[in-house]
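The structure appears right after this line, and notes come after that.
Below, all heavy atoms of this structure are taken into account, side chains as well, without hydrogens, waters or symmetry copies. In what follows, chains carry the letters A, B, and so on, assigned in the order in which the sequence lines appear, proteins first and then strands, with residues in each chain numbered from 1.
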Number of protein chains: 2
Amino acid sequence: MLSLNASLPMILNRALDGVMPAYRQLFAQYDLTEQQWRILRALWEVEDLRAAELAEQTLLPKPSLVGILDRLEARGLVERRRSNKDRRAVSIASTAKGRTLAKEVLPQAQAIHDFIRAVLPEEDWDALEHALNTLADRMKATTFAEIAAE
Amino acid sequence: MLSLNASLPMILNRALDGVMPAYRQLFAQYDLTEQQWRILRALWEVEDLRAAELAEQTLLPKPSLVGILDRLEARGLVERRRSNKDRRAVSIASTAKGRTLAKEVLPQAQAIHDFIRAVLPEEDWDALEHALNTLADRMKATTFAEIAAE
DNA sequence: TATTGTTATACTCTATAACTATA
DNA sequence: TATAGTTATAGAGTATAACAATA
């Protein structure tokens, strides 16, 4: 029987547990949680995103998104605008204040990233990325019911 | 500049996001959260563990552990016993009821695991495990301050 | 009717620091 | 004094379902 620490979730969690503290120390300096960071990070790359797109890119459930956006908006880092084309939709964008923050934080995040990249040789990263992405894609199309039915 | 969805945390999170729903559907049938599962899973492999060991193996912070154990104990799935050798220490073990649960759930968790393993060839798994464990080890010994100082 | 985003509810987990009892 | 576990506090995120406005 498989042991706990050889299970894929635990391997992934251990890796995250190794990597995230460095990031969290950085985020903490700017009073950001990991989820808030993901949202800002996504918004800094584009003009704006609709709530549904943002939820998908950040892997955050839609009802969670609302609260996290509320907090970011209250701090003036993002802003919500009702779309004119479809009055149901909301477009979310970084504010100027948010972009100022980006200029300060992104280089430091990049430094962490570079440090991490240097731990493994380039070809290991390619293999890692490919394997994990394959897994995620394959599993996204699979439910527990299908597995149990085998 | 690096994009969000190419960052290691996001790659790992996406993989978890692909893999966990299948497990969560299973856990939900037994009213278990992911964290509760980790604890039970660890306790099913051994006679007992001390709180500190359990926290380490499950990657759960000690104060979180207390509440999660409270809930598991209230359901009669685990039990806490004060150690006689060191009256400060607490040894935590699965109850008979917990072991009955194990017999029911573990084979289904194993089925998910087998399914996941079949997605990638054996050698990819070896590479993946090795790469991620190397990363976790290397990063655990690193603080943000060190990275920033480079 | 279907979709977008939001609200409501209830709960689990987290972070940090301080505390109790042992050692 | 140091350690093991717990408590206290305050908050963030999650899950699920239901809802209002709009399409």
Name each donor-acceptor pair under 3.5 Å that joins a side chain in residues 88-95 of chain A to protein atoms two or more places apart or in another chain, with its distance.
residue: R88(A); atom: NE; partner: D86(A); partner atom: OD1; Å: 3.2
residue: R88(A); atom: NH2; partner: D86(A); partner atom: OD2; Å: 3.0
residue: S94(A); atom: OG; partner: W44(A); partner atom: NE1; Å: 3.4
residue: S94(A); atom: OG; partner: R99(A); partner atom: N; Å: 3.4
residue: T95(A); atom: OG1; partner: G76(A); partner atom: O; Å: 2.6
residue: T95(A); atom: OG1; partner: L77(A); partner atom: O; Å: 3.2
residue: T95(A); atom: OG1; partner: K97(A); partner atom: N; Å: 3.4
residue: T95(A); atom: OG1; partner: G98(A); partner atom: N; Å: 3.0

Just the rounded figure in Å: distance from [atom2] of [N] to [atom1] of [X].
X: E73(B); N: dT12(C); atom1: CD; atom2: P; result: 16 Å
X: Y23(A); N: dA15(C); atom1: OH; atom2: C1'; result: 21 Å
X: D31(A); N: dA15(C); atom1: CG; atom2: C1'; result: 13 Å
X: R82(A); N: dA21(D); atom1: CZ; atom2: P; result: 11 Å
X: I39(A); N: dG5(C); atom1: CD1; atom2: C1'; result: 14 Å
X: I68(B); N: dA15(C); atom1: CD1; atom2: P; result: 11 Å
X: W37(B); N: dT12(C); atom1: CH2; atom2: C1'; result: 19 Å
X: M20(B); N: dC13(C); atom1: CE; atom2: C1'; result: 15 Å

- Message: Which is more 5' along DNA chain D, the nucleotide nearest Q35(A) or the one nearest A28(B)? Just name the residue.
- Response: Q35(A)
- State which of dT22(C), dC13(C), dG5(C) makes the closest approach to the side chain of V90(A). dG5(C)
- Query: Of all the nucleotides listed (dA23(D), dG13(D), dC13(C)), which has the minimum atom distance to the side chain of R87(A)?
  - Reply: dA23(D)
For the [atom1] atom on [X], are there more than 12 heavy atoms of other groups (residues, nucleotides or ligands in this structure) within a distance under 6.0 Å?
X: R75(B); atom1: CZ; value: yes
X: E34(B); atom1: CD; value: yes
X: R81(B); atom1: CZ; value: no

- Look up atom CD1 in I11(A) and atom CG in L128(B), then write down how far apart they are to the nearest 0.5 Å. 7.0 Å
- Check: Y30(B)/Q36(B) side-chain N/O donor and acceptor closer than 3.5 Å: no
- Taking E129(B) for the side chain and D126(B) for the main chain, is one N or O donor matched with an acceptor at less than 3.5 Å? no
- Heavy-atom nearest nucleotide on DNA chain C taken for G67(B) and for D86(B); more 5' hit belongs to G67(B)
- What parts of residues 45-66 of chain B reach DNA chain D, counting only heavy atoms under 4.0 Å away? R50(B), A51(B), A52(B), K62(B), P63(B), V66(B)
When you measure from the side-chain N and O atoms of [X] to the phosphate of [N], is any distance below 4.0 Å, counting only OP1 and OP2?
X: R24(A); N: dT14(C); value: no
X: R80(A); N: dG5(C); value: no
X: R88(A); N: dT6(C); value: no

